[in-house]
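What follows is a set of notes on a single structure, which appears directly below.
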Amino acid sequence: MSEVMTGSETEARTDRPAAPDVRTSSLRAARIRRRLIVHTTQLAVMAVVYGGWQLMDSTGHLDPTLFGKPSGIVSRLHTWIRDGTAIGSLADQIKVTLEEALLGFVIGTSLGVISGIALGRVRFLADVFGPFIKVLNSIPRIVLGSV
């Protein structure tokens, strides 16, 4: 006795793994190709900008007091990394900067959460400090950078 199977039953019963979708692999290859072209173009633009900068500075078209040579900047960074600066090792300076930034983040976050909870819970504090907070919030953040 032979059984007649429908198309969906035969598809469900196949033991072979599904063939990779050709469209998916071609899309992946196109994405990789595009990313390679974008990165190559970015490197070319960067080489043109820095090469042009070096050339303009070497030929005297840029004021040396305003623009240093890219080669001079790389040389100075190499010296700082190798020998350190006048105030110490570059690694020590980076470490101190990261510690201060982390400490400032922790203090600022803690005080912000505590202040927010206090202003949200105590109506009197919200009424007293509300206008001051609004004035401080209206100041552009870039102005506070010099402080």
Straight-line distance of H78 NE2 to D83 CG, nearest 0.5 Å:
8.5 Å
Same apolar cluster: V74 and M46, side chain cutoff 4.5 Å
no
CG on L103 to CG on L98, rounded to 0.5 Å
12.5 Å
Among the clusters formed by ILVMFWY side chains lying less than 4.5 Å apart, do F67 and L55 turn up in the same one?
no
Atom of L119, atom of F129 and distance for their closest heavy-atom approach:
CD2-CB, 4.2 Å
Check the hydrophobic clustering (I, L, V, M, F, W, Y; side-chain heavy atoms under 4.5 Å; chains of links allowed) and say if I81 and I94 are grouped together.
yes
Considering all heavy atoms of both residues, which atom of Q54 and which atom of P70 are nearest to each other, and what is their separation?
OE1-CD, 3.1 Å
Do T109 side-chain atoms and V106 backbone N/O form a donor-acceptor pair below 3.5 Å?
no
Tell me whether V128 shares a hydrophobic cluster with V122, the cluster being built from Ile, Leu, Val, Met, Phe, Trp, Tyr side chains joined at under 4.5 Å.
yes
Would L77 and W53 show up in the same hydrophobic cluster when neighbours are defined by side-chain heavy atoms closer than 4.5 Å?
yes
Taking C-beta and beyond as the side chain, do H39 and Q42 meet within less than 4.5 Å on heavy atoms?
yes
Rounded to the nearest 0.5 Å, how far does CG of D57 lie from CG of D63?
9.0 Å
Does a sphere of radius 6.0 Å around CZ in R28 hold more than 12 heavy atoms from other residues, nucleotides or ligands, not counting ones at 6.0 Å or beyond?
no
Separation between CG (L90) and OG1 (T97), nearest 0.5 Å, reads 9.0 Å
Would you find a donor on one side and an acceptor on the other, under 3.5 Å apart, between the side chain of R141 and the backbone of I139?
yes
Do S138 side-chain atoms and V135 backbone N/O form a donor-acceptor pair below 3.5 Å?
yes
Say you draw a straight line from OG of S71 to CZ of R76; how long is it, rounded to the nearest 0.5 Å?
12.0 Å
Residues, nucleotides or ligands: over 12 heavy atoms within 6.0 Å of I142 CD1
no
